[in-house]
Amino acid sequence: MASADGESRRSTAAQYFADEEEDGTENRVVSLLNEAMLGNDKVKSDNIRKVQEIAIHMSPNLLDNFLDEILAFQRDPCADVRKAIVGFIEEVSKHEPEVLPRLTSALMALLRDESVQVIKRAVQAASQVYKATLMWISKSKTVSETLEKTWQEVVQIRNFISDMVDHDNDGVRTQSVKFLEIVVLLQTYTDADSVRKANDFSLDDVPMALKVAKRRRLEDEAVATLEHIIKFHGSAHISSVNLMACMGTLTLIAKMRPQYMAKVIIAFETLHTNLPPTLSKSQVSSVRKHLKLQLLNLLKHPAAFEMLSNITTLLMDLGATQNEIAKNSPKPEEVRKRQKKLEAQQPPAKKPKLDTPEAGTSDVSRPTLSSSDLDRLEFFIADRLGVDLAAQLIMQAMKFLPEKMPNTFSSTYTPIAAAGTHGQIKHVARLMATQIASAGFGPDCTRASAALTSVFNKKLLEDDDDDDDIILPMQIEPSKPIEAPTPVPAPTKITKIPKIKTMKLAEITKPMSSKVRNKMVQMAVVRILKADNSAVLGGAMITRCKILTSLASQFPSEVRGEIYSYVLENVSERCDLALQWLYEEYSYMQGFNRSSSLLRKQYAEAPEENYNKLLCGIINTLISNENPVKDHDTLMWRIYLESPTITDDAVEILKAQCGSEENASSSIALLEHLVTKRPPKQLLFLNCLLLYTAHENNLIRSRALSAVYELYEKGVQCKVIEDYAIFYLGFLRLPNPPEVIFGEDRGRENTKDWNENCVKACLYLYLSLLPLNESMIHELAKIYVQTVADVKRTILRLLEQPIRGMGMESPQLLKLVEECPKGAETLVTRVIHILTEKSPPSTELVNRVRDLYHSRVSDVRFLIPVLNGLTKKEVIGALPKLISLNPVVVKEVFNRLLGTHSEGSSYTSPLTPAELLIALHNIDTSKADMKTIMKGIFQVIQKL
């Protein structure tokens with residue numbers, strides 16, 4: 001009794017701790033999900049993986065509670081987070097197939113993702129989801145509505161991925177092929193020779209009584225999928241990466257499902273004969289090497305015995321040695337066992353029934369042929385391919401060969417070791433059969449016979465000679481299989497067939513006048529234009545646009561006018577049609593048209609004029625004030641950025657828009673984008689932008705300067721921008737302002753003399769670039785010397801902001817002070833004043849000013865900005881000259897020495913006020929008169 005009570009207490013305690021542990025795990029999952037919602041992209045991805053580990057492996061009972069919260073991250077803007085959700089879906093499908101109905105819709109959404117990386121990961125996961133779903137429905141005892149719906153959604157996913165074989169991205173196409181490989185392996189039966197892996201699932205494991213996915217239907221879908229892979233494998237424009245992926249897929253299918261070995265070998269033969277023309281020389285070499293490895297891999301498989309001759313011949317063509325073939329071939333005893341096994345499985349052959357030979361012919365037995373069309377055509381060619389026929393074919397083909405051997409041929413050619421043997425003849429017949437079949441000729445030669453008969457009859461009808469002996473060409477019956485050659489019967493004589501007069505349409509009909517014909521064409525175009533709603537409902541909008549653009553580009557002006565009016569009537573909704581029309585006109589302008597140029601010339605206007613007229617018409621409609629267009633700015637950007645080329649007239653329209661204060665911001669921003677997005681006309685757009693950097697209107701000018709500043713920062717045409725700025729700066733040397741800065745496009749009227757506005761127009765761009773390229777300051781110093789007095793005063797007033805932006809530590813400013821050009825002393829003095837106005841001078845600046853003062857510039861005013869950086873002795877020595885200057889200048893000198901010229905700045909003067917008064921009292925009267933000294937002392941006392 002006591003023992004039972006103890007067990008009861010332990011069970012209660014264990015249950016308590018288990019519940020507590022489960023609560024703790026659930027709380028941790030909640031915490032991780034909350035952190036993921038608020039954290040960055042890395043935290044989200046990491047937390048999703050942690051929740052995946054807990055909910056699937058540690059506490060599977062929590063999966064149902066948090067599944068919807070986890071799947072909600074599929075709409076996260078980060079691609080890595082969405083990839084983590086794909087991984088979660090894949091892992092859940094492996095361990096918890098019961099929740100598959102809640103996963104399929106999320107997987108389909110991720111397959112439609114905008115990120116290529118997410119799509120590739122979703123296709124990978126779809127392989128596991130498809131397998132898990134098929135296993136789940138196969139093990140289900142009852143068929144529910146949920147199960148049927150889930151299977152239908154998975155089938156939709158399969159079909160969607162099957163269409164992805166035509167995706168734009170190489171990686172997506174490769175993953176789609178891998179998915180289709182899984183579909184084929186899952187929905188086909190295994191064989192005795194099948195290569196098996198652990199946990200394999202095949203059609204053998206699907207119950208016969210399963211109604212949701214019947215075996216026959218699944219197998220038919222698998223065969224169709226295999227044909228889809230083979231078709232993609234043989235397409236003319238497949239990339240080398242996709243091609244090698246397809247070869248690997250087909251090889252794996254042939255090894256695991258030997259019943260399709262023959263199809264795979266035929267696909268490889270077709271590829272060897274018809275390599276895609278888009279491959280480069282190195283890609284051709286890689287594809288041939290990969291094909292050789294795949295064939296060697298298949299050669300080891302027991303089921304390759306029936307196709308041993310085909311594989312061996314292909315390998316020899318690909319350059320494989322006899323040792324490589326022998327090394328990978330099955331052993332002789334295995335071949336004998338395989339042959340005996342096949343003979344034992346075949347029923348005893350019946351005695352063939354021979355037709356009674358006709359008189360005059362010998363007994364010839366009919367060979368047994370394969371049901372495959374390609375095999376029949378191969379037999380037909382091999383039976384007739386002799387030495388004479390081969391020589392004739394070579395002689396006929398010699399005239400099509402180039403004079404010089406192509407490099408591709410010399411690099412890929414391998415000598416034929418078994419030339420002339422029966423196996424080689426059979427292989428050549430196989431290659432020729434593949435070529436003939438790809439040209440559209442069937443094994444029964446129906447098309448060839450029909451063409452030959454047509455030519456013969458035409459020749460016979462046109463022959464005017466009275467020849468009695470006319471021999472009919474031998475024809476092959478299309479409905480009968482190809483037979484072995486039989487003796488040719490004697491030629492048949494026929495009588496001449498009289499000529500038959502053919503009825504001509506022009507003789508029985510009256511031609512329409514040009515006016516009526518053009519009117520009917522115009523009416524037909526109007527009906528097409530009015531059928532836009534019908535085209536949308538019928539899904540033919542793309543075709544309709546193509547028809548309209550072709551008509552507008554090729555037909556007379558009446559048709560063009562109808563479509564032109566239709567487009568301009570509502571440009572905002574018909575912008576796509578307008579752009580397609582522009583591209584069609586551009587194609588004609590560049591000579592890319594597929595139709596004859598004669599059809600185009602009869603409608604007069606040159607292609608360049610048509611394109612320019614259409615482009616400018618669309619733009620003028622957008623900027624028209626009479627009928628304002630919705631989303632005017634957006635459409636303008638689309639037209640300028642998406643049109644194939646921008647004409648000079650269109651550039652002038654945009655240039656005029658930039659000069660309007662109302663449209664300046666949007667138009668100048670568009671010009672800035674065109675500079676970077678339209679390299680062929682980059683300089684033209686940049687010139688338009690630079691034009692407005694000297695505009696009189698402040699809004700237009702500031703927006704243009706800002707745009708040029710951003711381009712310069714990005715390194716776009718920096719040299720051109722600098723040259724333009726220096727070119728305008730050079731105008732200041734002229735005695736009168738140039739006419740180029742005046743006019744309506746510059747916003748200012750013409751004047752004969754320099755004024756402040758004219759000087760500013762030449763300096764705006766230069767001064768905005770100066771902080772970015774400090775070396776340009778030397779150009780200003782050179783030009784300053786050559787300018788008139790009014791211009792110099794304006795330059796000195798405008799220097800403050802850019803010089804402050806450069807700073808006192810600027811190497812170029814220090815170099816300017818050190819190498820001060822002759823005549824630019826006032827400019828350098830102004831620069832130093834600006835630099836030291838709100839901060840004490842640096843040691844390097846003081847040293848350069850001191851050296852310049854002692855060596856070249858003897859004017860004591862040059863020392864005033866750096867007085868606080870000089871020594872006490874130097875200041876006392878310069879005091880006699882300083883107090884002899886203009887009273888305003890003397891006042892500034894004392895302000896700097898006493899530290900009162902700038903509020904809030906910490907200055908260290910070389911002289912204290914007392915020392916300054918003593919120095920003034922000690923000045924020799926021979927260097928300065930007593931009156932000047934007394935005025936200086938009086939000013940110092942006032943400051944104190």
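Count residues from 1 along the sequence.
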Distance, nearest 0.5 Å, that separates [atom1] of [X] from [atom2] of [Y]:
| X | Y | atom1 | atom2 | result |
| --- | --- | --- | --- | --- |
| I89 | R102 | CD1 | CZ | 12.0 Å |
| D41 | D80 | CG | CG | 7.0 Å |
| L674 | L670 | CG | CG | 4.5 Å |
| I238 | K231 | CD1 | NZ | 12.5 Å |

With a 3.5 Å cut-off and no angle check, do the side chains of [X] and [Y] form a donor-acceptor pair?
| X | Y | answer |
| --- | --- | --- |
| S31 | N34 | no |
| S239 | D170 | yes |
| N570 | S572 | yes |

Is there a side-chain contact between [X] and [Y] (heavy atoms, below 4.5 Å)?
| X | Y | result |
| --- | --- | --- |
| E672 | T676 | no |
| S127 | K178 | no |
| Y130 | I157 | no |
| F73 | M37 | yes |
| S162 | L180 | yes |

**Study point:** Over 12 foreign heavy atoms within 6.0 Å of NE2, H237
**Key:** no

Point to revise | Residue H673 excluded, over 12 heavy atoms near NE2 under 6.0 Å | key: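 For H673, atom NE2 is not crowded (no more than 12 foreign heavy atoms under 6.0 Å).
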
**Study point:** Residues which pass side chain to side chain contact (heavy atoms under 4.5 Å, CB included) with C545, listed by chain and number, not counting sequence neighbours
**Key:** L577, Q580

Whether [Y] and [X] form a salt bridge (side-chain N of Lys/Arg under 4.0 Å from carboxylate O of Asp/Glu) is what I want to check.
| X | Y | value |
| --- | --- | --- |
| D46 | K42 | yes |
| K263 | E227 | yes |
| R82 | D113 | yes |

Check your understanding: Testing E153, Q156, K149 for side-chain hydrogen bond (donor to acceptor under 3.5 Å, both in side chains) with T104, which one passes?
Key -> E153

Review point. Quick check: does any side chain N or O of Q52 sit under 3.5 Å from a backbone N or O of R49, one acting as donor and the other as acceptor?
Key: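 Side chain of Q52 to backbone of R49: no pair is present.
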
Check your understanding: Does the ring of F160 carry R112 above it, NZ/CZ under 6.0 angstrom from centre and within 45° of its axis?
Key -> yes

Point to revise | Y566 six-ring centre to R574 NZ/CZ under 6.0 Å and within 45° of normal | key: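 Satisfied, under 6.0 Å and within 45°.
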
Check your understanding: Taking the six-membered ring for Trp, are the ring centroids of Y586 and W581 within less than 6.0 Å of each other?
Key ->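 Between W581 and Y586, which both carry aromatic rings, the centre distance is not below 6.0 Å.
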
Check your understanding: Between T251 and N297, does a side chain to side chain donor-acceptor pair (under 3.5 Å) hold up when you go through it step by step?
Key -> CA-CA 8 Å; T251 301; N297 197 1; over 6 Å; no

